[in-house]
Amino acid sequence: MENEKSELEVFNNLYQEALKVSKTVDISKDASIGSVGAALLNSKNHLYVGKNLDLACALGMCAERNAISTMLSHEVCNIDKLVCVHEDGRIISPCGACIEFMLQLGKLTEELKILVSLSPFKTVSLKELLTTWWRDELK
């Protein structure tokens, strides 16, 4: 029970950090940042956040890939926990492109827990979001 409570507290803090950066900001007539924020903790217990980038040409970047890219720019280590939050406060799951991105990071995401709900508290592994992956079929 104690371990679950501390994990809930960690995920609640990640939720709050993701929510902080999720506010939409228009940066030009063709680009905005925000509406989704992501926060992650890596295996060294460092926090990284990211906002999504929406472009009129559809070449944007999701918040979780932004946060992971920032982490990878500083150091390479496993990602332990991830939270994605819409600016209205809803917890959301990573999209298919982000799931694929994270799966291709291999061992960096093997232990990744993704928040699904704070009440009741529930997390899922990356593999639970995509139970059949094309790479597995090539082995």
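When a residue number appears, it is its place in the shown sequence, counting from 1. In this text the structure is predicted, and so the values were computed from the model without any measurement.
No more than 12 heavy-atom neighbours from other residues, nucleotides or ligands sit within 6.0 angstrom of NZ on Lys122. Atom CD of Glu128 has more than 12 heavy atoms from other residues, nucleotides or ligands within 6.0 Å. For NE2 of His46, the number of neighbouring non-hydrogen atoms (other residues, nucleotides, ligands) closer than 6.0 Å is greater than 12.
Between the side chain of Glu64 and the backbone N or O of Cys84 there is no donor-acceptor pair closer than 3.5 Å. Here the side chain of Thr70 pairs a donor or acceptor atom with the backbone of Asn66 at under 3.5 angstrom. Remark: side-chain polar atoms of Ser28 are paired, donor with acceptor, to backbone N or O of Ala31 under 3.5 angstrom. Using modelled atom types, one side-chain atom of Tyr15 and one backbone atom of Gly89 make a donor-acceptor pair closer than 3.5 Å. Counting only distance, with no hydrogens or angles, the side chain of Asn42 and the backbone of Lys44 share a donor-acceptor pair below 3.5 Å. The closest donor-acceptor contact from the side chain of Lys51 to the backbone of Lys23 lies under 3.5 Å.
Residues Leu115 and Leu14 fail the side-chain proximity criterion, which asks for heavy atoms closer than 4.5 Å. Side-chain atoms of Thr24 and Ile33, non-hydrogen and from C-beta on, never get closer than 4.5 Å to each other. For the pair His86 and Ser22, the minimum side-chain heavy-atom distance is 4.5 Å or more. Annotation: side chain of Leu108 is in contact with side chain of Leu72 (closest heavy-atom distance under 4.5 Å). The side-chain heavy atoms of Ile114 and Ser93, taken from C-beta on, include no pair separated by under 4.5 Å.
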Check the pair Val116 / Thr123 against side-chain contact (heavy atoms from CB on, under 4.5 Å), numbers first and verdict last. CA-CA 5 Å; Val116 174; Thr123 63; 5.8 Å; no
Test log, rule side-chain contact (heavy atoms from CB on, under 4.5 Å), inputs Leu40 and Lys81: CA-CA 5 Å; Leu40 69 85; Lys81 296 174 176 53; over 6 Å; no
If you apply the rule side-chain contact (heavy atoms from CB on, under 4.5 Å), what do you find for Ser32 with Asp26, and how did you get there? CA-CA 4 Å; Ser32 67; Asp26 292 326; 3.4 Å; yes
Worked check of side-chain contact (heavy atoms from CB on, under 4.5 Å) between Glu87 and Val36: CA-CA 6 Å; Glu87 66 185 339; Val36 176; over 6 Å; no
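Glu9 and Ser6 are not linked by any side-chain donor-acceptor pair at a separation below 3.5 angstrom, with hydrogens and angles left out of the test. Between the side chains of Asn52 and Asp54, at least one donor N or O sits under 3.5 Å from an acceptor N or O.
A salt bridge links Lys113 to Glu7: at least one charged side-chain nitrogen sits closer than 4.0 Å to a carboxylate oxygen.
One finds the CG atom of Asn45 at 9.0 Å from the CG atom of Leu47 (value rounded to the nearest 0.5 Å).
The minimum heavy-atom distance between Val85 and Ile92, with the atom names listed, is N-CG1, 4.3 Å.
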